[in-house]
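This report concerns only the one structure given below.
First listed ligand is number 1; within each ligand, the first listed atom is number 1. Positions are given from 1 along the sequence.
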Amino acid sequence: MERTEIIIGGDTAGIEWRAPVFRFKGSDATAPSVYIQAALHANELPGVAVAHFLLEKLRAADAAGTIRGDITVIPQANPIGLAQSHFGEMEGRFDLGSRTNFNRDFPLVALAERDTLMADLDRRSAVDRLKRTLLHTALDHDLVLDLHCDDESLQYAYIDDAFWPEAADLASALDMQAVFLSDGESTAFEEAVGHAFKHQGDDKLKTVPGRLSVTVELRGRRDVYAGMTARDADGLWAFLAGRGVIADPALSVRAYTGPAVPLDNIEMVKAPAPGTILFHRDIGETVRAGDILATLITRPGEADGTITVAARHDGLIATRSSARYARRGDDLMKIAGHEATRRDRKPGTLED
Ligand SMILES: [Zn+2]
């Protein structure tokens, strides 16, 4: 194993950030290579813990000589965001300086243009340098996993159509309860990697066998527990073994049986008015159109001071807000439905 660091000099004097990078050299040049990063959104910590336990297993495999493909793991990919607290709370999702989402605005380049990412790096901002360095590192691999989490959430993933259904083995290995099939149109890290993989020649490839770029949502932000995390590390291990990145002939991955739904099937349940949220339903429950999801206390103390929010379509509650006060228009839930229900979605993203 080789341990190096990504070092990002600050935009002001006297500042420097460091992100450790762990690399394992595989014994078989024909085995797929894999890149795993966690906590690009710095306050999403399940992936950090999973990567920590996975690295423990990989070190043992390295000692036993059973690593076949090259593996790179960056278990805490965003030291800039990690250091940004605002009134006592880590922001994590948005850079406080530029107000940009740490997981947007990745440059979209073809795979052959990978090295252009690093051109004139010292003229770019620290956040831009970090993004380009992570993307440049990832694009040297076949399989790229970006570990995130949602607010209160089931285990699920965003997977570009181009990698589906080949990636069903990952969904099964991690016991995912849903897969959201995305259309690869945003500038998230995963979609920048997918863009490069799909642009390897003159034509845009519709499928890219043997490659993968995925955003894994490791449940909710508070789902960081010893047993759960170790099981997810075992899940990643099973995925790597199934793909031949590590040799573990005893392992087999069973078929994925959960739903895989296009983003247009995801109902974003919004608060129609501001108020205190009383949820009636939880993640993992299936609902029918018309079922009451939440009561909002919009005018506390008044006889008619509440409104109810109902499901508009049948589906599975995949995520729920952890906040208990909603501003008008806030997202309360994501419900994965059986049919397309959205006409207003910007390509590529559900959230800013
Ligand atoms: Zn995230």
Under 4.5 Å between side-chain heavy atoms, counting indirect links through other Ile/Leu/Val/Met/Phe/Trp/Tyr residues: same cluster for L54 and L45 or not?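 Each belongs to a different hydrophobic cluster.
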Does any non-hydrogen side-chain atom of E166 lie less than 4.5 Å from one of L212?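 No - every pair of side-chain heavy atoms lies 4.5 Å or more apart.
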Shortest non-hydrogen separation from G97 to Q84 and the atoms involved: N-NE2, 4.4 Å
With ring centroids as reference points, do F180 and Y156 lie under 6.0 angstrom apart?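 Under 6.0 Å, so yes.
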Among all residues two or more places apart in sequence or in another chain, which pass the salt bridge (Lys or Arg N to Asp or Glu O under 4.0 Å) test with R99?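 R99: no salt bridge (Lys or Arg N to Asp or Glu O under 4.0 Å) contacts found.
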Per the salt bridge (Lys or Arg N to Asp or Glu O under 4.0 Å) rule, which among D282, D151, D150 passes with R320? D282
Tell me, which protein N/O/S atoms are under 2.8 Å away from the Zn ion (ligand 1)?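 For the Zn ion (ligand 1), the protein N, O and S atoms that sit under 2.8 Å away are H41 ND1, E44 OE1, E44 OE2, H148 ND1.
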